Amino acid sequence: MTTTRGGLRGWLAGRGKALSGLRFTSLRLRLVVVFALVALTAAVSASGIAYWLNREAVLTRTQDAVLRDFQQEMRNRAGTLPVHPTQDQLQHTAGQMANSSQRFSVLLVGEDASGRAVYGTSGGLSGFALEDVPLSLRTAVNKQQPVGSGNKSPYHLYWQRVTEHGTPYLVAGTRIIGGGPTGYMLKSLEPEAKDLNSLAWSLGVATALALVGAALLAQAAATTVLKPVHRLGIAARRLGEGRLDTRLRVSGTDELADLSRTFNKAAEALEKRVADMAARDEASRRFVADMSHELRTPLTAITAVTEVLEEELEFEGGGFDPMIEPAVRLVVSETRRLNDLVENLMEVTRFDAGTARLVLDDVDLADQITACIDARAWLDAVELDAERGLHARLDPRRLDVILANLIGNALKHGGSPVRVSVREEGGDGAESGDDAGNGEGGGSPAPGWIVIQVRDHGPGIPEDVLPHVFDRFYKASASRPRSEGSGLGLSIALNNAHIHGGDITAANSPEGGAVFTLRLPRDASALTERPAEDDGDDSTSGGGRAKSGGADQGSKGGAR
């Protein structure tokens, strides 16, 4: 089933890419379509006009020739018939008229001496008949027009085009002036129709060729115009990926060449600015790192001395003058705080330089949290709600730093009791085995997420402070510039969560108090690259879990 879904998704993805390449928002496609539409409109218009002009010219020429010949035949042959001709006379005359150069069918209608209508047709009994003549044409032919200065003849020649069974015909009729038969003519226009159809096919082929040519021309023009734009897009993507040395090859003096020159200047300025900023940032990080390293040596000696002084203070009758004892205690406290600050600065430097690494191990979360609380003597002030046997593949030392900061911050600036709860969330549609990661020292944890919440019962975090609780050295009140913490603890905790592929959020509980939510993957190696182990310097950032965590526990407390 998984293979089938994967194949279907791959096919859909391929189809999506193909359709996205043909989307109408593509400038190339729009140029081709516009060129094609313009060419099609021009070709169709020209072809239509040419067809219409040729059609009228062909039909008019043929029609004039036929009507002129028919009129002449009516005058020369039908005009010689008596006023009351017989059917034989009409039949003979119609046959003679049909043998003219235009070869049309003729129908003559007259009256014999008894007043009976007689007919003569050139095609015999099955030839051209009166029923083939439209009624409107017969009415017009037989209607006598008043004679005047503008009309010198009572009868005129009338014609009409008709179509029978798909074949076009020209029908005409007129009467002999002064008495005589009425004549009708039928001429097939099929040869002219075939010529016009051939012309229409030729114009259609020419239109199609013009359309193809326009599409090819549009493609060539689009390639010429869009190739620099395409190169500009690629260069912009490379620039966005951090390849600041990207430049465009400039040729020509048109607008696209000016655009390329502008891009090169902008890229050059950006590269210089980023290089300057990187140099300043590197110098700043190096300064902090060097300062921290340089401070470690004298701090080691001072710390040893303060430990001796601390032991003397705790020993009854240590021999310190009561006037000096407060100063000695202050020196011990500030030395410890300075030592923690140096360790935190070194850790922050590693995060900024991108050299912080994970050392992953299978961790029982309940045992890890219990060990963190016990090492700092917080068992009486912290309630733990965690199921035993819940494992995750994380960095134990960094998880300890996160927990120490969150719990210590809640104890210092919140209110007891502090409640720590642990739950698991399923992966994104992944199926996990029932036994995955639940055994002692078990194999790889099941896919999913671990959510750890640390809640206190204090006054909560002011709303204006919430967005800044993870900022470095942020103090909520200017009246408390000093605190036991370094001001870096929650920032370091957040960075440790990020390096696992997780996150930390802060909020206020509706029941009162602040809630910090830590969300980590069950298996950090599945979401982040498996890095190498920390170097020797990194191991000192813990400084002993109890000591490092204790120093950081109030680091962001000042923000509250």
Side-chain angles (χ1 to χ4, degrees), residues 55-147 151-197:
R55 178 178 181 275
E56 290 300 315
V58 169
L59 293 179
T60 301
R61 183 174 57 250
T62 302
Q63 175 182 295
D64 291 346
V66 171
L67 294 178
R68 186 169 53 252
D69 193 29
F70 173 66
Q71 194 172 22
Q72 185 176 358
E73 290 293 327
M74 284 291 294
R75 185 181 303 112
N76 296 337
R77 297 188 183 275
T80 61
L81 291 173
V83 176
H84 300 288
T86 63
Q87 183 174 2
D88 292 337
Q89 290 175 329
L90 292 177
Q91 191 77 26
H92 178 71
T93 303
Q96 289 180 332
M97 294 175 62
N99 289 328
S100 68
S101 60
Q102 295 298 325
R103 298 292 179 181
F104 43 74
S105 299
V106 177
L107 171 65
L108 297 177
V109 180
E111 290 183 357
D112 58 9
S114 62
R116 184 173 57 88
V118 291
Y119 303 91
T121 178
S122 60
L125 295 177
S126 61
F128 183 31
L130 189 61
E131 291 77 11
D132 296 329
V133 180
L135 180 60
S136 59
L137 181 62
R138 282 181 279 167
T139 303
V141 168
N142 292 309
K143 184 177 181 181
Q144 185 175 1
Q145 302 293 332
V147 178
N151 181 30
K152 298 181 179 181
S153 177
Y155 297 103
H156 297 274
L157 174 65
Y158 295 93
W159 59 269
Q160 185 176 346
R161 294 174 191 163
V162 297
T163 302
E164 294 290 339
H165 306 294
T167 302
Y169 293 93
L170 176 64
V171 182
T174 187
R175 290 193 63 168
I176 297 297
I177 301 174
T182 302
Y184 296 99
M185 177 273 301
L186 180 68
K187 170 66 176 178
S188 174
L189 299 177
E190 186 175 4
E192 287 75 14
K194 290 181 178 180
D195 293 341
L196 292 175
N197 288 336

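Here the structure is a predicted model, which is why all the values come from computation and not from measurement.
- Between L186 and L107, every side-chain heavy-atom pair lies at or beyond the 4.5 Å cut-off.
- Evaluation of the salt bridge (charged side-chain N to carboxylate O under 4.0 Å, His left out) test over residues 104-120, restricted to residues two or more places apart or in two chains, returns D112-R116.
- Between F104 and F70 the shortest heavy-atom distance is CZ-CA, 3.8 Å.
- Among residues at least two apart or in separate chains, side-chain hydrogen bond (donor to acceptor under 3.5 Å, both in side chains) pairs with a member in residues 186-195 are T62-E192.
- Across all non-hydrogen atoms, the minimal contact from L157 to A172 is CD1-CB, 4.2 Å.
- For residues 162-180, the pairs satisfying side-chain hydrogen bond (donor to acceptor under 3.5 Å, both in side chains) are R175-T182, with sequence neighbours left out.
- For R161, the side-chain hydrogen bond (donor to acceptor under 3.5 Å, both in side chains) partners two or more places apart in sequence, or in a different chain, are Q63.
- To the nearest 0.5 Å, the span separating OG1 on T121 from CG on L108 amounts to 8.5 Å.
- Applying the side-chain contact (heavy atoms from CB on, under 4.5 Å) rule to A98 yields the partners V106, S122; only residues at least two apart in sequence or on another chain are considered.
- For the pair Y119 and Q91, the tightest heavy-atom approach, listed with the atom from each and the gap, is O-OE1, 4.2 Å.
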Review item, side-chain donor-acceptor pairs of residues 132-142, under 3.5 Å, at least two apart:
unit_1 : atom_1 : unit_2 : atom_2 : d
D132   : OD2    : A129   : N      : 3.2
R138   : NE     : V133   : O      : 3.2
R138   : NH2    : V133   : O      : 3.4
T139   : OG1    : L135   : O      : 2.9
N142   : ND2    : R138   : O      : 3.0

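- Within the structure, salt bridge (charged side-chain N to carboxylate O under 4.0 Å, His left out) pairs that include any residue of residues 82-108 do not occur (at least two apart or interchain).
- Among all heavy-atom pairs drawn from S153 and Q145, the shortest one is O-CB, 4.3 Å.
- For H92, the side-chain contact (heavy atoms from CB on, under 4.5 Å) criterion is met by Q96, not counting sequence neighbours.
- Looking at every heavy atom in both residues, P181 comes nearest to L90 through CB-CD2, 3.9 Å.
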Could you please spell out the steps behind the side chain to side chain contact (heavy atoms under 4.5 Å, CB included) verdict for M185 and M97?
-> CA-CA 10 Å; M185 177 273 301; M97 294 175 62; over 6 Å; no

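- Nearest heavy-atom pair across Q102 and A65 is NE2-CB, 3.8 Å.
- Residues satisfying the side-chain hydrogen bond (donor to acceptor under 3.5 Å, both in side chains) criterion with S105, sequence neighbours excluded, are absent altogether.
- Contact check for L170 versus W159: side-chain heavy atoms found under the 4.5 Å cut-off.
- Legend: salt bridge (charged side-chain N to carboxylate O under 4.0 Å, His left out) pairs involving residues 56-75, not counting sequence neighbours, sorted by first then second residue: E73-R77.
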